[in-house]
Amino acid sequence: MSQNSGFWVVSGLMWLAFLGKAPGLRHNRDPLYVLVCGVLLLGGTCFACANPDVIGVVNAATGIPNVSAPLVYAMLTVESALVLTLIIYWRDWSPEKAGRWVRWLMVAYGLAVIGIVTLFALGDAPVERRVDFDPSPGPRSSGK
């Protein structure tokens with residue numbers, strides 16, 4: 001079993017849950033239902049794209065070192081926005097108040113995604129770095 005197989009397991013489970021709910025999208029336009037489906041679909045995609053093996057493939061395919069970083073972080077930002085939107089709609093607010101908060105949320109998170117892409121474009125990272133923020137176990141300093 002690969003060291004990165006956990007990413008595929010989580011992705012597969014989220015996509016499987018999405019596929020179980022997806023047929024209901026034809027007849028159910030409830031914002032909560034649609035948001036849950038979006039969270040499941042995008043969450044599975046985030047885990048798949050955050051897999052170091054996929055990061056390497058995407059970086060190699062585009063020829064741009066570390067191009068996966070803004071892609072993954074932008075997707076995670078959008079995933080966070082979807083989850084917060086889901087929480088907003090779960091609250092017992094009027095549709096007008098919920099809509100107002102969601103619009104502000106989308107503007108704020110949209111600006112964050114633009115910031116991620118802009119800062120990546122302005123930065124210089126000529127060497128591919130796949131696992132800088134990977135919490136996988138490895139040698140640790142004892143701090144002594």
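Heavy atoms only: backbone and side chains are in, while hydrogens, waters and symmetry mates are out.
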**Student:** For residues Val34 and Leu32: do they belong to one hydrophobic cluster (side chain heavy atoms under 4.5 Å, members Ile, Leu, Val, Met, Phe, Trp, Tyr)?
**Tutor:** yes
**Student:** Atom CG of Leu71 and atom SG of Cys46: how far apart are they, to the nearest 0.5 Å?
**Tutor:**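 So the gap between those two atoms works out to 9.0 Å.
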**Student:** Rounded to the nearest 0.5 Å, what separation is found between the OH atom of Tyr73 and the CD atom of Glu79?
**Tutor:**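 Going from the OH atom of Tyr73 to the CD atom of Glu79 covers 15.0 Å.
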**Student:** Are the side chains of Trp8 and Phe47 in touch, meaning some heavy atoms are under 4.5 Å apart?
**Tutor:** no
**Student:** Do Val39 and Leu25 belong together in a cluster built from hydrophobic side chains that touch within less than 4.5 Å?
**Tutor:** yes
**Student:** How far does CG of Leu35 sit from OH of Tyr33, to the nearest 0.5 angstrom?
**Tutor:**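 Leu35 atom CG to Tyr33 atom OH measures 12.5 Å (nearest 0.5 Å).
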**Student:** Can you sort out the partners of Ala50 under side chain to side chain contact (heavy atoms under 4.5 Å, CB included), two or more places apart, ordered by chain and number?
**Tutor:** Phe7, Val72
**Student:** Decide yes or no for Asn59 and Ile64: does some side-chain heavy atom of the first lie under 4.5 Å from some side-chain heavy atom of the second?
**Tutor:**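 Contact flag for Asn59/Ile64 side chains = no.
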**Student:** If you measure from CD1 on Ile87 to CG on Leu105, what distance do you get to the nearest 0.5 Å?
**Tutor:** 10.0 Å
**Student:** In Å, rounded to the nearest 0.5 Å, how long is the span from OG of Ser94 to CZ of Arg100?
**Tutor:** 6.5 Å
**Student:** Would you give me the side-chain donor-acceptor pairs under 3.5 Å for residues 13-24, sequence neighbours excluded?
**Tutor:**
residue	atom	partner	partner atom	Å
Trp15	NE1	Leu41	O	3.4

**Student:** When hydrophobic residues are tied together by side-chain contacts of less than 4.5 Å, even through go-betweens, does Leu42 share a cluster with Val117?
**Tutor:**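 No, Leu42 does not connect to Val117 through the hydrophobic network.
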**Student:** What distance do Thr77 atom OG1 and Ile116 atom CD1 have between them, rounded to the nearest 0.5 Å?
**Tutor:** 3.5 Å
**Student:** Which residues pass the side chain to side chain contact (heavy atoms under 4.5 Å, CB included) test with Val102, sequence neighbours left out?
**Tutor:** Thr85, Ile88, Tyr89, Met106
**Student:** Side-chain contact test, heavy atoms from C-beta onward, threshold under 4.5 Å: evaluate it for Leu84 versus Tyr109 and give yes or no.
**Tutor:** yes
**Student:** Might you confirm whether atom CH2 of Trp93 has over 12 heavy atoms from other residues, nucleotides or ligands at distances under 6.0 Å?
**Tutor:** yes
